[in-house]
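Structure, as structure tokens:
As a basis for the values below, the full set of heavy atoms in this structure was taken, side chains included, without hydrogen atoms, waters or symmetry mates.
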Amino acid sequence: MTVAGGGLVLSLDFELGWGVADTLAANGGYRRHLLGAREAVPRILERFAAHGVGATWATVGMLFATSREELVAHAPPAELRPRYRDPRLDVYRLQVGEDERRDPLHYAPSLIDAIAACPGQRIGSHSFAHYYSLERGQTRATFEADLQAAVTLAAARSLTLRSYVWPRHQLRADYLPILARHGFTVHRGPEPNVLNRPHRGAYSPLAVRAARLTDAYLGLTGPNLVRWSALTPVGGLVDVPESRFLRPVAARATALEPLRLHRITTAMRRAAATGALFHLWWHPHNFGADVGANLRALDVLLRAYDELRDRYDFASYSLEDVRARVAAGVPASGNRAGPATASTS
């Protein structure tokens, strides 16, 4: 029996150099991955358009700036910036170039324009300065100032932000009303299992990271499907939790690639058959070290989506699309991405 209402939710954390400032120096060995992301983004968009797939691109607000002057002009004043106990978390300490041409790792207005122009793609927020909501030294006031900066700079590009993805998954339930006050209606929470609980710091304990890696191939935590019935607003926002992180192709584990992709496609099929959502996410820079191999993996998943769309009316959703369905009280069928628009209202 076919069950209508299932769908594939896609969200990407678009951050380039701002997201690795404290862990992987943008101008060090990870530079290749970040520059590769600039190649990956348009090629991902081509595939999304070809398959009629929508997605939310949760974008660090600093990437919207066209120049260092504009970035500085929109940044919160010094007294409203977080004073993290760990100074490495403070991206305001970084020396950045003048513009996108001179510093392609810290500006991306051309890529943001391409995303906004692609059918079914929505621009969301990944904070202004890759903000860490659980770290010591930040406050409600600095969180709101960061959020306001993101909203204002996006508005300068004629974009309205409605979705929020927490950097490092550092969800703060008590900050949801602040998001709602600034017009946000949906956010992405972490996978609902013990391996993905929000925490301070960039890294989980080694045992947890090892378990996550095993989970990518063997499915320790199950499919982590999202049920429509669970999508009720809390603090003014709907939480559309993650189901699975799309890990990059591992050169040392190519023999395990079919197993990794099977793990994902099996969960997609279960979502389609039961009328649930499967929420896949990644960073564009995860594709950067070997763009071709990672795009071939994405092709496998998109072909699986096509099959499920045709068989089950399996739909494609951005975070904003899910929120709109919840608001309409429609647990949804339909097999194409949302309307082509730069707005995320």
Side-chain angles (χ1 to χ4, degrees), residues 8-21 23-60 63 97 100-124 126 130 165 213 216-217 242 244-265 268 279-306 316 318 337:
L8 175 65
V9 183
L10 296 179
S11 58
L12 293 88
D13 298 9
F14 187 32
E15 56 193 38
L16 294 181
W18 298 112
V20 298
T23 56
L24 301 164
N27 290 316
Y30 207 69
R31 182 178 177 84
R32 172 168 160 249
H33 295 73
L34 299 174
L35 288 175
R38 297 191 65 93
E39 176 190 350
V41 168
R43 296 177 68 180
I44 291 170
L45 290 173
E46 289 173 2
R47 283 160 169 77
F48 285 178
H51 290 267
V53 168
T56 292
W57 296 70
T59 304
V60 167
L63 291 175
E100 187 174 17
R101 183 178 65 83
R102 295 177 179 87
D103 188 349
L105 303 186
H106 294 103
Y107 302 90
S110 68
L111 293 177
I112 293 169
D113 287 345
I115 294 166
C118 184
Q121 309 310 303
R122 307 298 183 98
I123 305 292
H126 201 35
H130 209 254
V165 170
L213 180 60
Y217 298 96
E242 303 156 0
R244 176 64 34 196
F245 169 53
L246 179 59
R247 288 181 174 272
V249 172
R252 297 180 180 179
T254 53
L256 296 177
E257 260 309 278
L259 190 59
R260 181 178 73 92
L261 297 178
H262 178 73
R263 165 89 164 89
I264 297 173
T265 57
M268 289 169 59
H279 186 176
L280 188 67
W281 74 277
W282 70 96
H283 309 85
H285 66 243
N286 294 138
F287 283 20
D290 191 339
V291 176
N294 283 289
L295 288 173
R296 287 191 291 274
L298 180 61
D299 288 339
V300 171
L301 302 180
L302 292 176
R303 286 195 295 270
Y305 164 75
D306 289 343
S316 168
S318 65

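By the salt bridge (Lys or Arg N to Asp or Glu O under 4.0 Å) test, Asp299 pairs with Arg47, sequence neighbours left out. Residues satisfying the side-chain hydrogen bond (donor to acceptor under 3.5 Å, both in side chains) criterion with Asn294, sequence neighbours excluded, are absent altogether. In this structure, Trp18 has no side-chain hydrogen bond (donor to acceptor under 3.5 Å, both in side chains) partners at least two apart in sequence or on a different chain. Residues forming a ring pair (Phe, Tyr, Trp, His ring centres under 6.0 Å) with Trp281 (at least two apart in sequence, or on another chain): His169, Phe245, His283. Applying the side chain to side chain contact (heavy atoms under 4.5 Å, CB included) rule to Ala40 yields the partners Ile44, Phe287, Val291; only residues at least two apart in sequence or on another chain are considered. Considering only residues two or more places apart in sequence or on other chains, Leu45 meets the side chain to side chain contact (heavy atoms under 4.5 Å, CB included) condition with Val41, Trp57, Ala114, Ile115, Cys118, Gln121. Scanning for side-chain hydrogen bond (donor to acceptor under 3.5 Å, both in side chains) contacts around Arg102 gives Asp99, with sequence neighbours left out. Every residue two or more places apart in sequence or in another chain that forms a salt bridge (Lys or Arg N to Asp or Glu O under 4.0 Å) with Glu39 is listed here: Arg43. Looking at residues two or more places apart in sequence or on another chain, you find a side chain to side chain contact (heavy atoms under 4.5 Å, CB included) between His33 and Tyr30, Ala289. Residues satisfying the ring pair (Phe, Tyr, Trp, His ring centres under 6.0 Å) criterion with Tyr107, sequence neighbours excluded, are absent altogether. Applying the salt bridge (Lys or Arg N to Asp or Glu O under 4.0 Å) rule to Asp113 yields no partners; only residues at least two apart in sequence or on another chain are considered. Taking the side-chain hydrogen bond (donor to acceptor under 3.5 Å, both in side chains) definition, one finds that Thr56 meets it with Glu320, sequence neighbours left out.
At a threshold of 4.5 Å between non-hydrogen side-chain atoms, the residues Arg38 and Leu16 count as touching. Using a 4.5 Å heavy-atom threshold, the side chains of Phe14 and Ile123 count as separate.
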